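The model shown is predicted, which means the values in this text are computed figures rather than measured ones. Count residues from 1 along the sequence.
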Amino acid sequence: MMQRRNVEVVETVPREDRVTQVVYFLISLVQVVLLFRLILRLFGASPAAGFVEFIYDVTAPLVAPFFGIFRSDFDFAQGVLEIETLVAMLVYAVVGYLLLALIDIIRTR
């Protein structure tokens with residue numbers, strides 16, 4: 001009687017595709033943490049809470065270059081619409097898109 005062997009097939013991803021995947025991942029990560037910041041600020045989350053403090057600490061350097069563009073935030077009953085965070089999200093998305101376009105140009109020499 002013949003024995004059957006199970007053979008595992010492993011597909012490799014070309015290096016260029018890995019670079020693109022990493023860039024997409026980083027762009028997505030930045031967008032998600034900035035979205036968390038936007039929502040937490042909008043609903044007036046307490047900075048004393050551990051998760052909120054963590055998000056504010058992680059995103060502070062990402063948003064810092066955009067402070068001072070506008071005069072003030074839009075205050076609501078308890079929260080604040082932080083326009084700088086929206087601008088940061090837009091700028092990082094555009095930079096990510098341009099970086100991906102550059103990678104595509106380099107790849108298709």
**Student:** Could you report the tightest heavy-atom contact between Val23 and Gly96, atom names first, then the distance?
**Tutor:** CG1-O, 4.4 Å

**Student:** Listed by chain and number, what are the side chain to side chain contact (heavy atoms under 4.5 Å, CB included) partners of Val32, not counting sequence neighbours?
**Tutor:** Phe36

**Student:** Can you give me the closest heavy-atom contact between Leu86 and Leu38, atom names plus distance?
**Tutor:** CD2-CD2, 3.6 Å

**Student:** So, Glu84 side chain and Ala64 main chain: donor-acceptor pair closer than 3.5 Å or not?
**Tutor:** no

**Student:** Give a yes or no on whether Tyr56 and Val80 share a hydrophobic cluster (residues Ile, Leu, Val, Met, Phe, Trp, Tyr; joining criterion: side-chain heavy atoms under 4.5 Å apart).
**Tutor:** no

**Student:** Quick one, Val19 with Ile103, criterion side-chain contact (heavy atoms from CB on, under 4.5 Å). Give me CA distance, side-chain angles, the key distance, then yes/no.
**Tutor:** CA-CA 8 Å; Val19 170; Ile103 290 168; 3.7 Å; yes

**Student:** Following the transitive rule for hydrophobic clusters with a side-chain heavy-atom cut-off under 4.5 Å over Ile, Leu, Val, Met, Phe, Trp and Tyr, establish whether Val95 and Tyr97 coincide in one cluster.
**Tutor:** no

**Student:** Do Val30 and Phe67 share a hydrophobic cluster (ILVMFWY, side-chain heavy atoms under 4.5 Å, transitive)?
**Tutor:** yes

**Student:** Taking the basic N atoms (NZ, or NE/NH1/NH2) and the acidic carboxylate oxygens, is any pair closer than 4.0 Å for Asp57 and Arg37?
**Tutor:** no

**Student:** List the atom of Leu62, the atom of Tyr92, and the distance in Å for their closest heavy-atom pair.
**Tutor:** O-OH, 2.8 Å

**Student:** Show your working on side-chain contact (heavy atoms from CB on, under 4.5 Å) between Leu81 and Arg41 and close with a plain yes or no.
**Tutor:** CA-CA 7 Å; Leu81 177 58; Arg41 295 275 294 153; over 6 Å; no

**Student:** Got a sec, which residues hit side chain to side chain contact (heavy atoms under 4.5 Å, CB included) with Leu90, two or more places apart in sequence or on another chain?
**Tutor:** Val94

**Student:** For Asp17 and Arg107: C-alpha separation, side-chain torsions, deciding distance, then whether side-chain contact (heavy atoms from CB on, under 4.5 Å) applies.
**Tutor:** CA-CA 10 Å; Asp17 289 342; Arg107 185 183 306 161; 3.6 Å; yes

**Student:** Same cluster or not: Ile39 versus Ile83, using hydrophobic residues (I, L, V, M, F, W, Y) connected whenever any side-chain heavy atoms lie under 4.5 Å apart?
**Tutor:** yes

**Student:** Which atom names give the shortest non-hydrogen contact between Leu34 and Thr85, and what distance separates them?
**Tutor:** O-CG2, 3.4 Å

**Student:** For Val52 and Ala45, which heavy atoms make the closest approach, and how far apart are they?
**Tutor:** CG2-CB, 3.7 Å

**Student:** Among Thr59, Ile55, Leu35, find the one that has a side chain to side chain contact (heavy atoms under 4.5 Å, CB included) with Leu40.
**Tutor:** Ile55

**Student:** Would you say Leu26 ends up clustered with Leu102 if hydrophobic residues are merged whenever their side chains have heavy atoms under 4.5 Å apart, either directly or through other cluster members?
**Tutor:** no

